[in-house]
2 protein chains.
Amino acid sequence: MKTAIRGARPRSAAGLPALSPDQVVDAAIRLTEEHGLDGWTIRQLAAAIRAWPAVVYHHVGDREAVVDAVLQSVVAGMPVPADDLPWRDWWHRFLVDGRATLRRYRGVARRLATRGPTVPAMLAIADHGIRVLRRAGFGAESSDVYQVLVSSSFLMVALEDEWAADPSLRSRTAAVLAAHRDREDMPGLAALASLWHRTCNDQETLRARDEWFFGYAVDRALDAVQVRLDILTAK
Amino acid sequence: MKTAIRGARPRSAAGLPALSPDQVVDAAIRLTEEHGLDGWTIRQLAAAIRAWPAVVYHHVGDREAVVDAVLQSVVAGMPVPADDLPWRDWWHRFLVDGRATLRRYRGVARRLATRGPTVPAMLAIADHGIRVLRRAGFGAESSDVYQVLVSSSFLMVALEDEWAADPSLRSRTAAVLAAHRDREDMPGLAALASLWHRTCNDQETLRARDEWFFGYAVDRALDAVQVRLDILTAK
DNA sequence: ACCTGAACACCGTTCAAGT
DNA sequence: ACCTGAACACCGTTCAAGT
């Protein structure tokens, strides 16, 4: 709202103290929690700290720089399981708990997938994850396994983020599929439609279904990796 | 460029015939092939057909409507393997060939993942894919398996699209990791860094690596699904 | 050093007016 | 029916000027 800025007197005149970079980033984190990383503008961020857009540039930099700071903060808050867990437990824990954290900050998962360890806090996580795999016997394939597990999981969270940001995406899918529930000439489609019919009725069953499906996808990814480990350690 | 529009005389005065919705969509498809679905604006699309932005709205609708038309066209061009292939071959073919098509139109894969069978041409594909799984013995789990295979693959293509649209994302990752190649205190990270060092040197090995990795990810997804099938058909 | 306020070059979208 | 041309309400970013 323009009024929010217009209404604000100059910070000093209003008795407001000087801002710090941290305060700008904190405000960005709160906005991200509420509207997602693509759901706020520099102008809204400035309004949230009762300042002008140029103030954000002065303290932090352009939008990219603010986003990087938010990413760093969120990743730093991701729980890392204990080193001595069996590899499959370590990764299941990390991915499922990681989802819970990432989903609180829509849009972060997608950027983590594209930027990888550019975010400093991801470096330690990558090291842990790969060490756990190497100890388990994945050997030289550990890095590839790491990339598969992290990419596929983070991207799945990114997908959930998009659905959360625009619920009409799924309700439209539900509506389209509903029209094909009883098509006997397309039994595959009818099966898919009946699955959507069962899960998309109310908000709560949908949420539960999403959580179940993420776990299902993670378990499948871990199954796949287990198959590789069996082959690698057999010879 | 504004000049591109400014320079154009009114269509009739310039001897240009009236436009059709198809011509607008065709231009959008060409722009998507060149710059990706997020790489052109309504104004650029209008300029490409030597018209004003409002003309796009008149013939097709808002940006969403144009995007939907592009999605429909691209999906309609995706090759669908023969029905009688064994399930694993069918899916491997569909996903690998599908990637080749989708990658020619950056940004399409991501939207297909979020919109699913909202795109009409996806309905027949979903039906085929699920029927193949049901015939193989996946039973009631066929729809979930379909969702896992399609989501994970399309999202991986979406990730490649983002890297292609902004190469600096990966060169920055490469630069960050290069600094950790010889860190003995972080052996996992060092392993990841040496993988990037090997693959990110020139454009061609990177392209080959991406293609290999997609195949690796698809094979892992199919491995995982095979494990489920073994369990389901054993009892 | 920190902030103001305006400006610049863009967006997508709408609309009255023309032919 | 089809197109023009301008306008509206936004963006991110920059910058001279203030304190």
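Residue numbers start from 1 in every chain, and the chains themselves are labelled A, B, ... in the order their sequence lines are given, proteins ahead of strands.
Within the 4.5 Å cutoff, the side chain of B/Trp91 has no heavy atoms near those of the B/Val145 side chain. Using a 4.5 Å heavy-atom threshold, the side chains of B/Phe213 and B/Met156 count as touching. Side-chain contact check for A/Ile130 versus B/Leu189: every heavy-atom pair is 4.5 Å or farther apart. Residues B/Asp166 and B/Leu169 form a side-chain contact, since some pair of their non-hydrogen atoms from C-beta on lies under 4.5 Å apart.
Proximity of residues 26-34 of chain A to DNA chain C (heavy atom under 4.0 angstrom from any strand atom) is not detected for any residue.
The side chain of B/Thr41 lies closest to C/dG12, out of D/dC2, C/dC3, C/dG12. Checked against D/dC3, C/dC3, D/dT4, the side chain of B/His59 finds its nearest nucleotide in D/dC3.
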> Dot-bracket for DNA chain D, 5' to 3', with Watson-Crick and G-U pairs under 3.5 Å, [ ] for crossing pairs and | for other-strand pairs: what is it?
Replying inline: ||.|||||...|||||.||
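A/Arg131 is linked by a salt bridge (Lys or Arg N to Asp or Glu O under 4.0 Å) to A/Asp83, A/Asp127, counting only residues two or more places apart in sequence or in another chain. Every salt bridge (Lys or Arg N to Asp or Glu O under 4.0 Å) that B/Glu160 has, sequence neighbours left out, goes to B/Arg99, B/Arg103.
Counting only N and O atoms by type, the side chains of A/Ser20 and A/Asp22 include no donor and acceptor under 3.5 Å apart.
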Let me check something: any side-chain donor-acceptor pairs from residues 26-34 of chain B under 3.5 Å, sequence neighbours excluded? List them with distances.
| unit_1 | atom_1 | unit_2 | atom_2 | d |
| --- | --- | --- | --- | --- |
| B/Thr32 | OG1 | B/Ala28 | O | 2.8 |
| B/Thr32 | OG1 | B/Trp40 | NE1 | 3.0 |

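By the 6.0 Å contact criterion, CZ on B/Arg63 is enclosed, its count of non-hydrogen atoms from other residues, nucleotides or ligands being greater than 12. The environment of A/Gln203 atom CD is sparse: at most 12 non-hydrogen atoms of other residues, nucleotides or ligands sit within 6.0 angstrom.
Put simply, CZ on B/Arg50 is 13 Å from P on D/dC3, counting in whole angstrom units. In this structure, CH2 of A/Trp40 is placed 18 Å from P of D/dC10, rounded to the nearest angstrom.
With respect to A/Arg111 and A/Asp161, no salt bridge is recorded, no charged nitrogen being found less than 4.0 Å from a carboxylate O.
Contact annotation: B/His58 side-chain N/O to D/dT4 OP1/OP2 distance is not under 4.0 Å. One finds no side-chain N or O of B/Trp52 lying less than 4.0 angstrom from the OP1 or OP2 phosphate oxygen of D/dC3.
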Could you list, one pair per line, each protein nitrogen or oxygen that sits under 3.5 Å from a nitrogen or oxygen of nucleotides 13-19 of chain C, together with the distance?
| unit_1 | atom_1 | unit_2 | atom_2 | d |
| --- | --- | --- | --- | --- |
| C/dT13 | OP2 | B/Tyr57 | OH | 2.3 |
| C/dT13 | OP2 | B/Arg63 | N | 2.9 |
| C/dT13 | O5' | B/Tyr57 | OH | 2.6 |

